[in-house]
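Accompanying notes for the structure given below.
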Amino acid sequence: MTRAASLALVDCNNFYASCERLFRPDLLHRAIVVLSNNDGCVVARSAEAKMLGIPMGVPLHQVQHLIRQHGVVLFSSNYALYGDISRRVMTVLSTLAPDLEVYSIDEAFLDLSGIRDIEPHAHMIRATVRQWTGIPVSIGIAPTKTLSKVANRLAKKDPALKGVMDLRDSRLQEQLLRDFPVGDVWGIGRRLAEKLDVLGIGTALQLRDADTSLLRARFGVVMERLVRELRGEKCLDLESQPAPKQQIIASRSFGQPVTGLHEVQEAVSHHVARAAARLRSQYSIAQTLQIQLYPLPFGALARQASIQLSQATADTSEMIRVARQVVAGLYQPGQRYRKAGVMLLDLAPPGVRQASLFSAPEDPKRQQLMHTLDGINAQFGRAMLRFAAEGIEQPWAMRAGKRSPRYTTCWGELARVR
DNA sequence: TCTGGGGTCCTAGGACCC
DNA sequence: TCTGGGGTCCTAGGACCC
């Protein structure tokens, strides 16, 4: 029996539905469903709702008959609440393992190396989270992240396991992967499952034992990593420090279709403000602003524009000023819009190269670039002053510029100090 | 008629440079 | 008319995740 490094995936059961239930204990055994913004789609279901055959992500109108027939209780989503409860769960978990990675609002990978009796420990984790937060969780234990995902799924499926599945044993892996549909493997979506099916690969075991180089050639490096992980070879590390976002998106569907330019501009301005706030909270500035307007009917191509800001910034009013102009350009009178979105790209810091150029010193493009770098420097200086004023430790440092006689390469880089 | 809001990584192809 | 190699950067789009 081979026993490798031990990783656990802790996943909250029916998370949003469980959160709502905390405040409605009378709904303990009732079918309940949580809806997306504007109450459009089903985004979470209690076990009872799953049993009724209400699928994940389905538009509400498609299951209205089931809802009425079985008296399913509906909730609008309350992300502030779910975020708060998630933080409590993660805090509890962090006291029960040497290291953890918060993977999503309802999942965390735990490093359990150094813990001797892992299975009893996992049961203890499960009971503690339940007792301290009220949230039920399932735990999958395995040598790699991908296998721990498999284990977690099995833990959820078989009640006899009491919420914990230990998949460290390689013979057990072989046995259980045999019946595990390849489409349920982490990283295999609908498209890939279809393509694998054509190759005669229908189970996780067949995928695990397939020819690596063939898969690599056909599907790329992501697939190769996935296959190796299924074999118990660790390719994905635990990332306990959350990396700063590389792009920030803020978008919303309108409750009703919108036609007026002013209304669209107001909505976009609001999204810009939300995105910029998130940008500042990770101490970043953005160089590129992207605006998307989604017309009706559903599925119609979005109108979009991408704008390089004259200098990278995190300033809300400057971004809103630019965004309003862009919206005016994209907007078509008489068109009905269902959704608007904003995306911030080319974020810095940390460690993001801002620009590079190989050109003669008099090249106007180089002048432009130097101007941009000056802009970054200025932003950076102001940020530092603000940190100092607020007594915050200065988290970033900056480097810029590099020259050679004939040509000049310039680049700016904001690097993390610690 | 009614259809969420975030994110990530990878690849292909074109522009551009020496 | 045919004729180069090697490289970077950017963008769009596809696939996936929760």
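Just so it is clear, the values below take in all heavy atoms, side chains as well, and ignore hydrogens, waters and symmetry mates. Here the structure is a predicted model, which means the values were calculated and not measured. The sequence lines fix the lettering, A, B, ..., with proteins before strands; numbering per chain opens at 1.
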message: C:dC18, OP1 or OP2 - any side-chain N/O from A:Lys149 closer than 4.0 Å?
response: yes

query: Between A:Tyr79 and A:Tyr16, is the gap from one ring center to the other below 6.0 Å?
result: yes

message: For the aromatic rings, using the six-membered ring if either is Trp, is the centroid distance between A:Tyr103 and A:Trp186 under 6.0 Å?
response: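 When the ring centroids of A:Tyr103 and A:Trp186 are compared, they turn out to be within the sub-6.0 Å range.
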
field: Distance between P atoms of C:dT3 and B:dC17 (Å, rounded)
entry: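 Those two atoms are separated by 25 Å.
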
task: Taking atom P in both C:dC18 and B:dC2, compute the distance separating them and give it to the nearest angstrom.
output: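 Between the two P atoms, the distance is 30 Å.
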
Any donor-acceptor pair under 3.5 Å linking the side chain of [X] with the backbone of [Y]?
X: A:Ser36; Y: A:Cys41; result: yes
X: A:Arg280; Y: A:Ala314; result: yes
X: A:Asp166; Y: A:Gly140; result: no

- request: Name every residue in residues 177-213 of chain A that has at least one heavy atom under 4.0 Å from any atom of DNA chain B, in order of residue number, or write none if there are no such residues.
  value: none

query: So does A:Glu229 pair up with A:Arg225, basic N to acidic O under 4.0 Å?
result: no

task: Considering only NZ, NE, NH1 and NH2 on the basic side and carboxylate oxygens on the acidic side, decide whether A:Glu20 and A:Arg24 come within less than 4.0 Å.
output: no

- prompt: What does C:dA12 pair with, Watson-Crick or G-U, if both distances are under 3.5 Å?
  reply: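 Checking every strand shown, C:dA12 finds its partner in B:dT11, with both distances under 3.5 Å.
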
query: Is there a Watson-Crick or G-U wobble partner for B:dC18 with both distances under 3.5 Å, and if so, which one is it?
result: C:dG5

Rounded to the nearest angstrom, tell me the gap between atom [atom1] in [X] and atom [atom2] in [N].
X: A:Gln290; N: C:dG13; atom1: CD; atom2: P; value: 11 Å
X: A:Glu101; N: C:dC17; atom1: CD; atom2: P; value: 16 Å
X: A:Arg336; N: B:dT3; atom1: CZ; atom2: P; value: 11 Å
X: A:Asn13; N: C:dC18; atom1: CG; atom2: C1'; value: 15 Å
X: A:Leu226; N: C:dC16; atom1: CG; atom2: P; value: 11 Å
X: A:Leu35; N: B:dC2; atom1: CG; atom2: C1'; value: 13 Å

- line: For nucleotides 5-12 of chain B, 5' to 3', base contacts (B), sugar-phosphate-only contacts (S) and non-contacts (-) with protein non-hydrogen atoms under 4.0 Å give SSSBSSS-

- request: Tell me, yes or no, whether the heavy-atom count around A:His123 atom NE2, taken from other residues, nucleotides or ligands under 6.0 Å, exceeds 12.
  value: yes

- prompt: Picking from A:Arg278, A:Gln247, A:Met319, what satisfies side chain to side chain contact (heavy atoms under 4.5 Å, CB included) with A:Leu344?
  reply: A:Met319

